[in-house]
There are 2 protein chains.
Amino acid sequence: MGKDLIHENLAKQVKNKMLSDDLLFDIAEVFKIFGDSTRIKIIYALKLSELCVSDLAFITNSSDSAISHQLRILKQAKLVKSRKEGKVVYYSLKDDHVIKLFEIGCEHAHEL
Amino acid sequence: MGKDLIHENLAKQVKNKMLSDDLLFDIAEVFKIFGDSTRIKIIYALKLSELCVSDLAFITNSSDSAISHQLRILKQAKLVKSRKEGKVVYYSLKDDHVIKLFEIGCEHAHEL
DNA sequence: CTCTTATCTGAATAATTGTTCATATATTTA
DNA sequence: TAAATATATGAACAATTATTCAGATAAGAG
């Protein structure tokens with residue numbers, strides 16, 4: 001027999017309706033990407049304009065290296081895309097989802 | 001003189017338009033809360049129904065203690081609220097912002 | 001070709017964080 | 001009052017992660 005459940009029926013019903021662990025994990029992963037100050041700064045900056053690594057380093061007061069690392073993470077998460085022009089790599093937001101997510105997070109933060 | 005900037009005007013313009021560090025930090029904090037599998041499971045479960053600690057522990061296959069810790073974090077972040085009825089504490093989502101954020105994150109995760 | 005510049009990368013470090021375990025608090029029941 | 005139950009809490013531990021530093025690529029300039 002299982003543990004005593006206070007609201008057995010309700011709890012089992014909810015458990016049956018739960019999304020798959022894989023999907024829930026992926027959802028958490030998306031949010032994790034947004035959950036870092038440096039990356040949020042990058043996202044907000046890219047919301048304003050396409051920018052290269054050293055621009056972003058200047059804008060966010062970070063090192064080129066730190067920004068490059070974070071851009072790799074953002075790119076792997078398919079939140080930004082890049083194009084190369086000579087020595088310079090230009091980054092921009094991949095789609096409107098990113099902007100929507102940012103804006104709703106922003107609204108919530110305002111309501112603190 | 002400052003560092004050489006590749007796109008001096010553009011970078012300075014964007015930097016001037018940046019949100020305050022405090023606000024950007026708060027935005028990142030909101031997302032950080034969503035960026036954990038256990039908490040995402042809790043949020044999704046509470047989207048379906050008001051639930052108590054042990055219900056959530058059962059639903060998420062976690063210990064009561066782990067859930068209690070996470071609920072404290074969610075409550076401090078003003079994402080959930082609680083009411084006490086005897087020995088039992090019932091948790092629910094605080095507002096629709098939480099649901100909206102979850103759903104957009106969900107959409108993006110689907111598009112992987 | 002050589003030098004400089006822009007970006008990237010890997011390893012090391014420091015800091016943060018989620019879970020567990022033991023225990024505490026609060027409330028109901030016997 | 002004493003026992004049982006639901007939840008909360010603090011410390012310790014393990015795992016993850018962001019940054020730095022040194023150095024590696026890649027591309028243009030001289």
Side-chain angles (χ1 to χ4, degrees), chain A residues 2-8 10-11 21 24-25 28-43 46 50-77 80-92, chain B residues 2-8 10-11 21 24-25 28-43 46 50-77 80-92:
Chain A
K3 274 198 310 186
D4 276 12
L5 266 173
I6 303 182
H7 312 95
E8 182 159 354
L10 175 58
D21 274 20
L24 290 163
F25 183 84
E29 286 303 300
V30 172
F31 285 114
K32 202 173 287 183
I33 306 291
F34 281 78
D36 174 80
S37 287
T38 303
R39 284 193 295 265
I40 276 290
K41 286 179 192 173
I42 292 175
I43 289 168
L46 293 180
E50 178 187 66
L51 293 161
C52 73
V53 177
S54 56
D55 292 336
L56 286 165
F58 168 74
I59 292 164
T60 64
N61 303 308
S62 309
S63 69
D64 290 351
S65 178
I67 294 301
S68 185
H69 279 296
Q70 298 300 357
L71 284 169
R72 183 168 38 75
I73 292 170
L74 287 165
K75 205 176 171 187
Q76 280 171 352
V80 308
K81 59 184 194 292
S82 65
R83 70 185 175 84
K84 197 168 184 179
E85 202 170 283
K87 277 179 294 190
V88 181
V89 180
Y90 293 94
Y91 286 86
S92 55
Chain B
K3 277 197 308 187
D4 276 12
L5 267 172
I6 303 182
H7 313 93
E8 180 159 355
L10 175 58
D21 273 21
L24 290 163
F25 183 84
E29 286 303 300
V30 172
F31 285 113
K32 203 173 285 182
I33 305 292
F34 281 77
D36 174 80
S37 286
T38 304
R39 285 192 295 264
I40 277 289
K41 287 180 190 173
I42 292 174
I43 289 169
L46 294 180
E50 178 187 68
L51 293 160
C52 74
V53 176
S54 56
D55 292 336
L56 286 165
F58 167 74
I59 292 165
T60 64
N61 304 308
S62 309
S63 69
D64 291 350
S65 179
I67 294 300
S68 184
H69 278 296
Q70 297 299 357
L71 284 168
R72 183 169 38 76
I73 291 170
L74 287 165
K75 205 175 172 188
Q76 279 171 352
V80 308
K81 59 185 195 289
S82 65
R83 71 185 175 84
K84 196 168 186 180
E85 200 170 285
K87 277 178 294 191
V88 181
V89 180
Y90 293 94
Y91 286 86
S92 55

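Residue numbering restarts at 1 for every chain, and letters A, B, ... go by the order of the sequence lines.
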Whether each nucleotide of nucleotides 24-30 of chain D has a protein heavy atom under 4.0 Å at its base (B), only at its sugar-phosphate (S) or at neither (-) is summarised, 5' to 3', as --SBS--

Which is true for [X] with a 4.0 Å heavy-atom rule: it touches a base, it touches only sugar-phosphate, or it touches nothing?
X: B/Tyr91; answer: sugar-phosphate
X: B/Ile6; answer: sugar-phosphate
X: A/Lys75; answer: nothing

D/dT17 P sits how many Å from A/Phe31 CZ, rounded? 17 Å

Quick check: do [X] and [Y] have side-chain heavy atoms less than 4.5 Å from each other?
X: A/Leu74; Y: A/Ile43; value: yes
X: A/Arg83; Y: A/Val89; value: no
X: B/Ser37; Y: B/Ile40; value: no
X: A/Lys41; Y: A/Asn61; value: no

Against the side chain of B/Asp64, the closest entry in D/dT17, D/dT7, D/dA18 is D/dT7

Residues passing the ring pair (Phe, Tyr, Trp, His ring centres under 6.0 Å) test with B/Tyr90, sequence neighbours excluded, are A/His7

Under a criterion of less than 4.0 angstrom to any heavy atom of chain A, what are the 5'-terminal and 3'-terminal contacting nucleotides of DNA chain C?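 The contacted stretch runs from C/dT5 to C/dG10.
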
Name all residues meeting the side chain to side chain contact (heavy atoms under 4.5 Å, CB included) criterion together with A/Thr38; count only those two or more places apart in sequence or in a different chain, and write none if there are none. A/Asp36, A/Ile42, A/Ser62, A/Ile67, A/Gln70

Considering only nitrogen or oxygen atoms on both sides, find all protein atoms under 3.5 Å from nucleotides 10-15 of chain D and state each distance.
{"from": "D/dG10", "atom 1": "O6", "to": "B/His69", "atom 2": "NE2", "distance (Å)": "2.8"}

What's the shortest heavy-atom distance between [X] and [Y], and which atoms?
X: B/Ala66; Y: B/Ser63; value: N-OG, 3.0 Å
X: B/Ala57; Y: B/Asp64; value: CB-OD1, 3.2 Å
X: A/Ile6; Y: B/Ser54; value: CD1-OG, 3.2 Å

In chain order, what residues pass the side-chain hydrogen bond (donor to acceptor under 3.5 Å, both in side chains) check against B/Ser82, with sequence neighbours excluded? B/Lys75

Should A/Gln70 be listed as having a side-chain N or O under 4.0 Å from OP1 or OP2 of D/dT17? no

Using 30° and 60° as the class limits, which term best fits the ring planes of A/Phe31 and B/Phe31: parallel, tilted or perpendicular? parallel

